[in-house]
S.K.: 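I have a structure here, written as structure tokens, and I will follow up with some questions on it.
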Amino acid sequence: MAQKRKRLPNLDRVNPVDETGVNERVARFCTRSIKNDSKHTALKLVLSMIDLTTLEGQDTPGKVKQLCQKAIHLHDNLPGLPTVAAVCVYPNMVGIAKQALMGYGINVASVATAFPSGMSSRDIKLEETRNAVADGADEIDMVISRGAFLAGEYAYVFDEIAAVKEACGKAHLKVILETGELVTLDRVKKASVLAIQAGADFIKTSTGKIQPAATMQVTLIMLQTIREHYYATGEKVGMKPAGGISTSKLAIHYLVMLRETLGDEWMTPDLFRFGASSLANDVLMQLQRQADGLYQSPDYFSKD
Amino acid sequence: MAAKPAHGQARAPINKTCKIFIGGKFPRTESGRYYLFSNNSESAPYTANICRSSRKDFRNAVVAARAAQNGWATASAYLRGQILYRIAEILEGRREQFASELKLQGASTRQANSEVDASIDRLVYFAGWSDKYQQIFSTVNPVSSSHFNFSVLEPSGVVAVLSPECDPMQFGLLALVSNIAPVIVGGNTCVLLAEETHPLTAISLAEVLQASDVPGGVVNILTGSKSELVDFFASHKDVNCIVHSEANNANSTRIQQLASENLKRVVQRPVAQWHGETMQNPYLIKDTQEVKTTWHPIGS
Amino acid sequence: MSDAHNTLKFDTGWQYAPAPESTDHVRIDKKYGLFINGKFTAPSQGKYFTTSNPATQERLSRIAIAGKSDVNRAVKAARKAYENVWSKMPARERAKYIFRIARGLQERAREFSVIETMDGGKPIRESRDVDIPLAAAHFFYYAGWADKLEYAFPGAGVKSLGVAGQIVPWNFPLLMAAWKIAPALACGNTVVLKPAETTSLTALKLAELIQDIGLPPGVVNIVTGAGATGAALVDHPDVNKIAFTGSTAVGRSIMHSIAGTEKKYTLELGGKAANIIFADAPVDQAVEGVVNAIFFNQGHVCCAGSRLLVQESVADELIHKLKERMHTLILGNPLDKNTDIGAINSRAQLDKINSYLKIGKNEGGNMFQAPCTLPSKGYWCPPTIFTDMAQSNRLVQEEIFGPVLAIQTFRTAAEAVTKANNTPYGLSGGVWTDKGSKIFKVTSALKAGVVWANTFNKFDPTSPFGGYKESGIGREGGAHGLSAYLAMEVNHGR
């Protein structure tokens with residue numbers, strides 16, 4: 001399968017996107033009413049798909065360790081909860097996180113490639129990637145060079161992704177398109193095609209540093225691009241919306257969209273992630289409410 | 001046949017053979033039939049053999065009108081206006097001929113001149129509407145969704161017109177012009193049956209149309225018997241619209257009944273004084289138009 | 001894309017639990033009389049028919065059958081209200097009553113939605129999000145016109161017609177009633193409305209609402225019954241205007257039967273709309289457009305996109321995506337908020353649809369149906385598409401009024417337009433392409449009253465609706481919809 005990739009695609013042949021139609025489709029997903037058992041299943045699935053994230057200039061080993069504790073002990077009052085999928089940190093925190101999570105089956109994801117802007121040389125980006133992997137990162141979240149993409153230098157962007165993929169070795173590569181800077185859905189689609197062809201294991205919407213971050217609209221376009229790739233090759237690329245998904249209701253809308261676009265086989269943390277920090281507690285509050293029937297207060301849920 | 005030469009006069013006048021007008025050409029009726037027109041004058045008798053058109057002539061005329069319709073409808077509004085104005089110009093140049101024919105059809109000299117004037121003015125009036133009625137009747141509709149929504153008029157298509165005979169104060173030209181102009185200015189083509197009693201001006205108008213850059217088939221003019229042809233005008237399935245002035249009589253009932261076969265639009269013009277200003281308004285154009293509404297997405 | 005597409009799985013994992021809309025706040029009487037002169041009255045012959053839920057076959061209520069004398073009573077009441085009250089009332093006061101109806105509908109929207117779904121079988125999502133809000137919006141829109149009519153027709157000298165007889169179909173029961181009643185009232189006419197036999201309930205609930213908001217008696221009258229009731233209304237000599245939405249066959253007979261009278265008429269009839277998808281279309285949105293065009297309201301839509309014309313180079317990809325999409329359509333209990341495809345409106349309609357499925361197969365069509373389990377009770381038809389169809393097939397030519405799509409391919413725009421127009425109908429059409437100039441070229445060439453570009457089945461009170469050719473005469477909606485209910489002095493009352 002993989003040999004089919006690594007060829008610069010002709011982006012002129014990518015299907016165009018009609019924004020109004022996308023908005024209408026998204027509105028339809030949001031009218032799905034998810035109740036009872038299927039809500040319970042969905043909430044647990046959401047938890048298991050979360051990349052618990054801290055990407056601040058003020059991050060310290062102490063902060064990262066606390067976040068890892070949260071990842072391990074989401075809410076011990078509720079038995080049978082899954083853990084989150086990964087903890088996502090800056091490269092210099094990878095070692096700390098790796099140690100804190102050792103033995104719990106939670107991946108360490110590291111942003112890399114001069115996150116969030118990507119405004120550095122290729123050598124430095126590759127070096128940073130290799131270092132993060134060497135420190136124990138299981139997953140690398142790279143950013144594409146948006147400036148180059150907007151300037152039409154698709155080959156440059158393509159080669160950069162392919163090179164980072166190579167630098168990742170065994171680590172999974174998530175390619176952040178930073179859709180908020182691509183602005184149009186047509187460009188999101190083209191960038192998705194480019195990233196997939198260049199070797200992305202996952203494509204990801206946003207850094208979280210630019211508004212708008214993830215929207216259902218851009219996520220739908222990216223899911224549809226993943227679907228086209230699957231139809232053509234049988235290969236499954238993962239998807240990660242990141243930033244701005246903070247309520248369980250919205251997360252469930254995303255799951256509905258995922259299910260109705262890519263079907264059952266994508267309903268797994270292996271192929272879908274939420275990049276989020278406050279989402280987990282909202283999901284936990286919903287699960288607790290399902291367990292005891294009471295509306296919850298945030299005071300009863302740990303904030304790390 | 002002819003105005004008969006007076007005895008002893010040196011020169012016998014040449015009289016025109018009266019033909020029908022189909023697809024820009026002047027055939028005689030395929031049926032070979034005629035009816036006799038007479039001015040009923042003893043002092044200056046005039047008669048002519050007028051084509052008594054058959055249903056096959058009508059069928060042929062509809063084919064010609066259909067063939068011309070798309071081209072006429074997609075001609076620019078400016079061009080259609082220019083052509084209607086050109087009809088007026090040519091008519092102005094032939095006013096003596098029309099006045100004398102109107103007199104043969106029963107008008108006094110004063111009535112004839114007045115009717116020619118009114119007919120020319122009416123053509124100019126509707127010529128001016130060609131690039132304006134759309135601006136009056138089109139709408140941009142502020143729908144709640146993210147769409148640019150607008151409604152425009154489009155011609156109904158092929159329009160069958162039964163020329164009215166209801167106004168005793170007009171003699172065949174003004175009603176004809178008043179019925180044709182609003183139909184064709186809006187991009188329709190038409191097949192018109194002239195008044196049985198007023199055929200001469202209809203035939204001469206056809207000659208004017210031919211000389212006025214009106215594309216062949218846009219206006220087709222038949223002469224003959226309304227009672228014989230009305231059923232075919234009303235029932236033909238490739239006619240989109242029928243215009244008539246039958247005032248709630250057996251004919252109007254019959255027309256609507258037959259028109260229902262293909263849901264043909266039936267436009268019943270009022271029994272009217274054609275000289276009146278009320279017969280000049282853009283709503284007469286709208287009568288033979290369809291409203292098309294288009295939804296176009298707004299997005300990036 | 002290659003011919004061999006991989007397929008996705010939709011039935012092995014996470015499913016949506018039932019999410020039925022509650023019915024306990026809804027009041028349906030055991031029996032409904034005729035709404036004449038502001039009161040519910042018994043039919044003169046004392047006859048009633050049963051209306052039932054097509055999804056469960058359970059009886060909902062008994063509805064009066066209006067005979068000739070009942071229709072006559074209704075027309076008399078409407079005439080009296082017209083002469084004595086409604087035509088004399090200042091237009092701005094008239095408007096206020098129509099605004100009240102709009103508000104009332106919004107306030108009772110939930111009840112109306114649930115009843116519409118129970119009586120007609122359409123998914124609650126549609127009655128809740130489309131039918132009822134649009135009905136209210138129509139009343140709002142036309143209420144505002146009541147005192148502004150002279151600005152819609154400058155120099156024309158418009159005046160009301162008198163009594164309007166209105167006959168509405170079963171596919172959008174309340175919405176069609178709103179399309180008819182709102183402009184009629186705004187233009188100063190009074191109304192006798194006949195709902196469709198299988199879906200009278202929301203019209204009768206509207207009658208209750210009209211009572212409650214204090215509309216003067218006789219301004220709106222509602223007579224229920226079958227075809228004979230409608231015929232009595234059409235033939236009544238004191239009706240000035242007939243507005244009909246329904247089949248082309250009945251529309252034709254109405255036009256025929258009122259020939260020779262002074263009655264004005266508007267007819268909204270059948271359709272066989274083509275949805276044209278070009279190779280440069282936004283394909284994923286086009287797939288949604290196709291679903292919305294033919295499966296909205298189980299295809300019980302006169303303007304449904306029941307023909308799909310897809311450019312050959314993209315046909316394979318589009319049809320594959322369409323089939324995959326059909327896997328995710330949820331058919332079942334119309335009251336469930338997740339239901340996409342509800343019940344077929346009646347046994348008779350289901351029989352008709354099934355007969356067309358047989359015809360399509362006999363014509364050599366390649367049938368694909370969404371894989372859904374049909375409930376054991378009620379009337380159901382899974383979303384169905386036929387590929388490999390040709391212009392000469394009956395499935396391409398005839399209106400089915402069900403969730404059945406006939407798919408043909410084309411090579412050039414000219415061919416698509418020729419095929420699209422090659423029908424006696426002309427109600428609607430769809431064009432899908434990313435190229436703006438092509439949109440306008442193709443939409444202009446389509447002989448249809450409503451054309452959707454990169455969308456389908458959109459409705460709005462401001463947007464005129466109505467057909468060319470055998471799809472009807474006249475427009476409803478928007479400023480153009482007013483002329484159906486007005487006479488113009490300038491053209492001698494025509």
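Naming convention: chains lettered A, B, ... in sequence-line order (proteins, then strands); numbering from 1 in each chain.
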S.K.: For C/P461, is it the side chain, the backbone, both or neither that has a heavy atom under 4.5 Å from a heavy atom of chain B?
M.R.: neither

S.K.: Looking at every heavy atom in both B/E290 and C/G467, which two are closest together, and how far apart are they?
M.R.: OE1-O, 3.5 Å

S.K.: Where on C/I473 is there a heavy atom nearer than 4.5 Å to chain B: the side chain, the backbone, both, or neither?
M.R.: both

S.K.: Are there over 12 heavy-atom neighbours, none belonging to B/Y85, within less than 6.0 Å of that residue's OH?
M.R.: no

S.K.: Please flag which part of C/F440 lies under 4.5 Å from any non-hydrogen atom of chain B: side chain, backbone, both or neither.
M.R.: side chain

S.K.: Side chain from CB out, backbone as N, CA, C, O: work out which of these in C/A137 comes under 4.5 Å of a heavy atom of chain B, or both, or neither.
M.R.: neither

S.K.: Working note: B/V266 + C/Y265, criterion side chain to side chain contact (heavy atoms under 4.5 Å, CB included); need CA distance, chi angles, decisive distance, verdict.
M.R.: CA-CA 11 Å; B/V266 178; C/Y265 52 94; 4.0 Å; yes

S.K.: So which residue, C/S444, C/P424, C/A152, ends up with the most heavy-atom pairs under 4.5 Å with chain B?
M.R.: C/S444

S.K.: Checking heavy atoms, do the side chain of C/Y425, its backbone, both or neither come under 4.5 Å from chain B?
M.R.: neither

S.K.: Decide yes or no on side chain to side chain contact (heavy atoms under 4.5 Å, CB included) for C/T248 and B/L263, but give the supporting numbers first.
M.R.: CA-CA 9 Å; C/T248 292; B/L263 276 300; 4.0 Å; yes

S.K.: Closest approach of C/M255 and B/Q256, non-hydrogen atoms and distance?
M.R.: O-NE2, 2.9 Å

S.K.: Identify which part of B/N281 has an atom lying under 4.5 Å from any heavy atom of chain C, answering side chain, backbone, both or neither.
M.R.: side chain

S.K.: Assert yes or no for the condition that the ring centre distance of C/H480 to B/F137 is strictly below 6.0 Å.
M.R.: no

S.K.: Considering only heavy atoms, which portion of C/S257 lies under 4.5 Å from any heavy atom of chain B: side chain, backbone, both, or neither?
M.R.: neither

S.K.: The test is side chain to side chain contact (heavy atoms under 4.5 Å, CB included); show your working for C/V451 and B/T293 and say whether it passes.
M.R.: CA-CA 6 Å; C/V451 186; B/T293 300; over 6 Å; no

S.K.: For B/A259, is it the side chain, the backbone, both, or neither that has a heavy atom closer than 4.5 Å to a heavy atom of chain C?
M.R.: both

S.K.: Checking C/I258 against chain B: side chain, backbone, both or neither under 4.5 Å from a heavy atom?
M.R.: both

S.K.: Is any side-chain N of the basic residue among B/E154 and C/K447 closer than 4.0 Å to the acidic one's carboxylate O?
M.R.: no

S.K.: Return the minimal non-hydrogen interatomic distance between B/K292 and C/Y468, and the atom names on each side.
M.R.: CB-OH, 3.4 Å

S.K.: Please state whether the side chain, the backbone, both or neither of B/L284 comes within less than 4.5 Å of a heavy atom of chain C.
M.R.: both

S.K.: Taking all atoms of both residues into account, what is the closest heavy-atom pair of B/V143 and C/S463, and its distance?
M.R.: CG1-CB, 4.1 Å

S.K.: If you tally heavy-atom pairs under 4.5 Å against chain B, which of C/A479, C/A448, C/G466, C/G477 wins?
M.R.: C/A448

S.K.: Looking only at non-hydrogen atoms, find the nearest pair between B/S260 and C/R252 and report the distance.
M.R.: O-CG, 3.0 Å

S.K.: Other residues, nucleotides and ligands only: do more than 12 of their heavy atoms fall within 6.0 Å of NZ on C/K148?
M.R.: yes

S.K.: For B/R55, does the CZ atom sit with more than 12 other heavy atoms under 6.0 Å from it, leaving out its own atoms?
M.R.: no

S.K.: Is C/P464 close to chain B through its backbone or its side chain, or both, or neither, when contacts mean heavy atoms under 4.5 Å?
M.R.: both

S.K.: Tell me which of these, C/G251, C/A156, C/G478, C/G474, has more heavy-atom pairs under 4.5 Å with chain B than the rest.
M.R.: C/A156

S.K.: To the nearest 0.5 Å, what is the distance between NZ (C/K469) and CG (B/N262)?
M.R.: 10.5 Å

S.K.: Is chain C contacted by the side chain of B/K286, its backbone, both, or neither, given a heavy-atom distance below 4.5 Å?
M.R.: side chain

S.K.: Pick one of side chain, backbone, both or neither for C/T443, based on which atoms fall under 4.5 Å of a heavy atom in chain B.
M.R.: both

S.K.: Tell me whether the count of non-hydrogen atoms from other residues, nucleotides or ligands lying under 6.0 Å of NZ in B/K132 goes above 12.
M.R.: yes

S.K.: Looking only at heavy atoms, what is the nearest atom pair of C/N454 and B/P297, with distance?
M.R.: CB-CG, 3.8 Å

S.K.: How are the rings of C/W452 and B/W295 set relative to one another: parallel (under 30°), tilted (30 to 60°) or perpendicular (over 60°)?
M.R.: tilted

